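These notes are about the structure you will find just below.
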Amino acid sequence: MTQRWVVTGARVFDGERVLAADSVVVEDDLIVAVGTSLPGAAGDQLIKAEGATLLPGLIDAHAHVGSRGALRRALRFGVTTVCDMFMDWRLAAELRAAETSGEASDVAALFSAGTLVTAPGGHGTRQLVGAIPTLGTAGEAERFVAERIAEGSEWIKVVYDGLKILGEHLPTLDFPTLSAVVKAAHRQSRKVVVHIGGLDGARDAVTAGADVLGHWVADAEPDADLVDEMARRGVVVIPTLSMLGSLLGQPRAELAEDPILHPYLSERDRAELVGRLGPPDNPIGSMQVARAGVGRLAGAGIPILAGTDAPFPGMAHGVSLHGELQALVEAGITPNRALAAATVLPARHLGLADRGRIAEGQRADLMLVRGDPTLDIAATRDILRLWKAGRPVERPIEAENLFRPPVVPSSGRLAEREGTVVTATCGVGWMPFTDQQVGARSTAELRAVDDPSAPEGWAIEISGYLDQSGTSAWAGLAFHPGDRLLAPADLSAWSGLGCWLRQDGEHPAAAMLVPASRSRANPSTVWLQPGRVWIAQQVVWGDFDGSDGHDVRAIAVLLVGPPGGAFRFHLASPQLIRSPAG
Ligand SMILES: [Zn+2]
């Protein structure tokens, strides 16, 4: 049976820019329509995405896949396609076959270079795969490349570097052999990706006719002649700034501590992220030089692709692509072009015609993130929903208890008053919380009022206006337990929230939990039962889509319209409760 679903109300980034459209319709594994306020047909699943951005699933243009697990880890962070740049070709064939047969919905799709081309004893012969065939002379290039293609290599990866940056002097191909490999690959309709370690190597690779440089360099900035030559020849660059940072002793270890990423990071991910390839005082180059070079290339219009080189020390599958996007922006590339570097550009330049863009007929590899990554590139980390070929991807939580619990009085009490001002016993405290969060116009204000009928003789009065123009409206107040606004806190030591409610009107009332990590775009709600007299209310974390309260940004109590119009309600004695079972 055909599965159809519609994302509506989203900002839609198609791989190059934000479209005027706000809706995308998916049928089975394909995007079938992109437009504005597309209603969907009867029976379509509707996904409301106000305040969120829909973008193509990410593509890592340079990684090394050692197991199926690598692709599973990549997918968890929104990387729906991995372009491998050297792995065991037999494993690649196995993983490709699983993808084709539809058995791979929990792992990223794979395209692979298979065995790389390197000199006897050169880079690649000692790492990642084990014993591999090597290329001795230019005369053997044609046959050597044909063998790789027979094994299934999507493109030809060549090493032209003796790893001087790591203080080594490994054998490497000479220039005539490099040129012969490029010619052989082109004769056999394959692109050539060249691993280079310094600016001289980059120059030689361009002269030899390389299509893609598999890294950029940190030893020198490119001169105008080289940049012009690259632009003229249409050379594409995968800078792997994350890898250069690791070589220079500056891995992006901060990824391991990012509270948005943290729940999805395994111990192994975190260990890999804080590793590094070279010493902090590596004299062989500088990140400043590397960034300036990448900025120049991008400024000349040379296509830049985002690649991580995971899982070398300092990089982990999936998560490091978010670090690489940040690194590209730090090199002066706009967020839009950084996003293109991980979507439309790798698809275009590595021959993945069916993906990398949001357009009719494209494969439905899609990622919905909170916020706007075209303004703040780090928003790509805040994944709300993810689909591979139209199928939803579950993102299992790997790590609990990253967020600190607030210091709550033993009573669990959350509110106090100073005159008419409502104060909190912990966290950022109590604030109005309305549908202005999603672009509507309801209002709310809070004050503390005497109320002899309330359990403690006072209450929080919430009054305001429910915007009648929207299809649904909500307004009320929220408790923010973190030490900054919307910073998550760990409330899992408590089982839920208790309070007393009464209201003058007859609006439906609901509690809303806003967690940091979730698979749904819309925060989940639980209905409450307020009356004209005080009624005690209780909600437990598990009522909210099975949350355990470990990552709560806010807990809100709201009145919900329609009908719209003015409202007033009172809330008293809010407190965190512990389950009777303990
Ligand atoms: Zn690599």
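By convention here, the first residue in the shown sequence is residue 1. Remember, it's a predicted structure, so these values are computed and weren't measured experimentally. Just follow the structure's listing: the first ligand is 1, and inside any ligand the first atom is 1.
The one candidate from H62, R148, K191 that meets the side chain to side chain contact (heavy atoms under 4.5 Å, CB included) condition with K157 is H62.
Listed by chain and number, the residues in a salt bridge (charged side-chain N to carboxylate O under 4.0 Å, His left out) with R72 amount to none (sequence neighbours excluded).
Note on H64: its N/O/S atom closest to the Zn ion (ligand 1) is NE2. In terms of distance to the Zn ion (ligand 1), the nearest N, O or S atom of D309 is named OD1.
Backbone or side-chain N, O or S atoms of H62 reach the Zn ion (ligand 1) at under 2.8 Å.
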Sequence neighbours excluded and cut-off under 3.5 Å, please list the side-chain donor-acceptor pairs for residues 338-360, or say none.
from : atom 1 : to   : atom 2 : distance (Å)
T343 : OG1    : G15  : O      : 3.4
T343 : OG1    : L339 : O      : 2.8
R355 : NH1    : T81  : OG1    : 2.9

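Within the 6.0 Å centre-distance limit, the rings of F312 and H64 are counted as a close aromatic pair.
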